[in-house]
Number of protein chains: 2
Amino acid sequence: MDTAAPRRTRIQQEKRELILEAALEVFSTNGFRGSTIDQIAEAAGMSKPNLLYYFRRKEDIHETLMQRLMDTWLAPLRELDDIGDPLTELRSYIRRKLEMARDYPRESRLFANEILQGAPRIMPMLEGELKTLVDEKAAVIKGWMRAGKIAKTDPWHLIFSIWATTQHYADFDVQVRAVLGPNRGGDGRFEDAARFLEQLFIDGLKPKG
Amino acid sequence: MDTAAPRRTRIQQEKRELILEAALEVFSTNGFRGSTIDQIAEAAGMSKPNLLYYFRRKEDIHETLMQRLMDTWLAPLRELDDIGDPLTELRSYIRRKLEMARDYPRESRLFANEILQGAPRIMPMLEGELKTLVDEKAAVIKGWMRAGKIAKTDPWHLIFSIWATTQHYADFDVQVRAVLGPNRGGDGRFEDAARFLEQLFIDGLKPKG
DNA sequence: CAAATTTTTGACCGATTGGACAAACGTTAG
DNA sequence: CTAACGTTTGTCCAATCGGTCAAAAATTTG
């Protein structure tokens, strides 16, 4: 494992950040193969050879981006706490995930792009780090179910459905806005989504009577 | 509108189908820009110039594919019937959507790819045909809610969440299988998903007591 | 300051891309 | 059979791609 942190100058740190920010924008909207080094370089305000001075290959940029992504992306699930009240914990998790979809849509799309194409570059992370974390949290949820705190169901698919519904508002944002139209598709759509998801996951759809 | 159906020979019809089938495979796994005409030609078992004899531009193939996709893709929602029992209708809709994710994952990924990249080629369809259909069905669902047949909630976001959760099993299939592992990630995962989604949408997550 | 080092750039390269084209090859109708 | 038409292919092209390289410019170090 190459974990030896190379010492970098001030300029190197700044320029690398600039490039990563630009690459996030470009990769998340065009995918890896659909993006060109020239596009990223222009978005970062530098020439292509200059960019290649900081990242020697296009793949290196993408790899660095994906490594950082996974950490921040899984943070909400890591916070899911065994100790708190189950329904409150789940409600908080859903809210945090939806906030991430709202505040970091590019990260969500970058991730979605990678998975859609078969996750060629992050498969080990999915089978390792991600699976471990999900299994762990699924066990926590299972405990809640055994204790009668929440209805018995499949914890893994519960997590999948939370991922799917929240990330949908980032990945399919264009479609959401198109369907809701100019009135309801404005800034309020995330509040509406939050209300709906809370009801769906916490209260259910059964008639109240 | 160019709706004048060009008369085609038998060979033209067959070869065009062959190309579209091959293009579905290639586009859905590599995206539009990530796919090359050569790849599609090889997958279709013909030379590149020969392919270009049937479709003059790469975009023409993609466009034809997207037009066909939208029809079959929206069919389940079109079937959602005002007359039947609300919960039964919703259950059937969810089941049909999940079956499409299972049986037509390439179509789902092709669509997801297009939306992810901002839907540059199908935006008019989203704002027109799709929005009209969703609005219509949302009105049906709203009627059920007013009649007290199902809990009051936002019909549009309900439809979004059904799309998100079902298509997740096609678009994020790699991740689902990686997390479930070799045991639970096998062929049974769609039955498990079906059971879970039925409980989520129809019964809710509240404790039974 | 001046030397050493880091950063930036223009020019260039081979490979791949989408697509054009004319010639060769098949097929079909009279 | 043969002429007309439909199909297939090899060759070619300009544009774009990821990436190299040496030299110029800027910065840091002593």
ask   = Please give, in whole Å, the distance from C:dA22 C1' to B:Leu52 CG?
value = 15 Å
task = Give the rounded distance in Å between these two atoms: CD of A:Glu14 and C1' of C:dT6.
result = 14 Å
query = Which residue, A:Arg33 or A:Ser47, contacts DNA chain C at a nucleotide closer to its 5' end, judged by nearest heavy atom?
reply = A:Ser47
message = Rounded to whole Å, please give me the gap between NZ in B:Lys58 and C1' in C:dT16.
response = 12 Å
request  = For B:Tyr54, answer base if it contacts any base atom (sugar-phosphate contacts may also be present), sugar-phosphate if it contacts only those atoms, and nothing otherwise; contact means non-hydrogen atoms under 4.0 Å.
outcome  = sugar-phosphate
inquiry  = Does C:dT7 have its OP1 or OP2 closer than 4.0 Å to a side-chain nitrogen or oxygen of A:Tyr53?
reply    = yes
task = Check every strand shown and say whether B:Lys48 touches a base, only sugar-phosphate, or nothing at a heavy-atom separation below 4.0 Å.
result = base
message = Applying side chain to side chain donor-acceptor pair (under 3.5 Å), can you list everything that pairs with A:Asp192, at least two apart in sequence or on another chain?
response = A:Arg184, A:Arg195
key: Phosphate contact (C:dT6 OP1 or OP2) by A:Gln12 side-chain N/O below 4.0 Å   = no
task = May I ask you to say whether A:Asp173 pairs ionically with A:Arg189, meaning some side-chain N is under 4.0 Å from a carboxylate O?
result = yes
query = Out of A:Glu17, A:Glu21, A:Glu63, which residue meets the salt bridge (charged side-chain N to carboxylate O under 4.0 Å, His left out) rule with A:Arg68?
reply = A:Glu17
task = Provide, to the nearest angstrom, the distance between the CG atom belonging to A:Leu18 and the P atom belonging to C:dT8.
result = 10 Å
inquiry  = Do B:Glu89 and B:Ser92 have side chains that approach each other closer than 4.5 Å (heavy atoms only, starting at C-beta)?
reply    = no
task = Quick one: sort the A:Tyr169 and B:Phe160 rings into parallel, tilted or perpendicular, breaks at 30° and 60°.
result = perpendicular
key: Under-4.0 Å side-chain N/O to phosphate OP1/OP2 contact, A:Asn50 with C:dT7   = no
ask   = Taking the six-membered ring of B:Phe201 as reference, does the NZ or CZ atom of B:Arg91 fall below 6.0 Å from its centre and within a 45° cone about the axis?
value = no
ask   = Which is the 5'-most and which the 3'-most nucleotide of DNA chain D that has an atom under 4.0 Å from a heavy atom of chain B?
value = D:dG6 to D:dC17
request  = Could you work out which one of C:dT7, C:dG18, C:dA11 sits closest to the side chain of B:Ile37?
outcome  = C:dG18
query = Within 45 degrees of the axis of the six-membered ring of B:Trp73 and under 6.0 Å from its centre: does B:Lys97 put its NZ or CZ there?
reply = yes
query = For B:Phe111, is the NZ or CZ atom of B:Arg106 found under 6.0 angstrom from the centre of its six-membered ring and inside 45 degrees of the ring axis?
reply = no
request  = Measure from CD1 on B:Ile40 to P on C:dG18 and round the result to the nearest Å.
outcome  = 8 Å
ask   = Do B:Ser108 and B:Gln167 have side-chain atoms, one donor and one acceptor, less than 3.5 Å apart?
value = no
ask   = What is the distance from CG of A:Asp38 to C1' of C:dT9, rounded to the nearest Å?
value = 14 Å
query = For the helix from C:dC1-D:dG30 to C:dG30-D:dC1, what angle lies between the axis at the first five pairs and the axis at the last five pairs, to 10 degrees?
reply = 10°
message = If I take atom CG in residue A:Leu51 and atom C1' in nucleotide C:dT9, what distance separates them, rounded to the nearest angstrom?
response = 13 Å
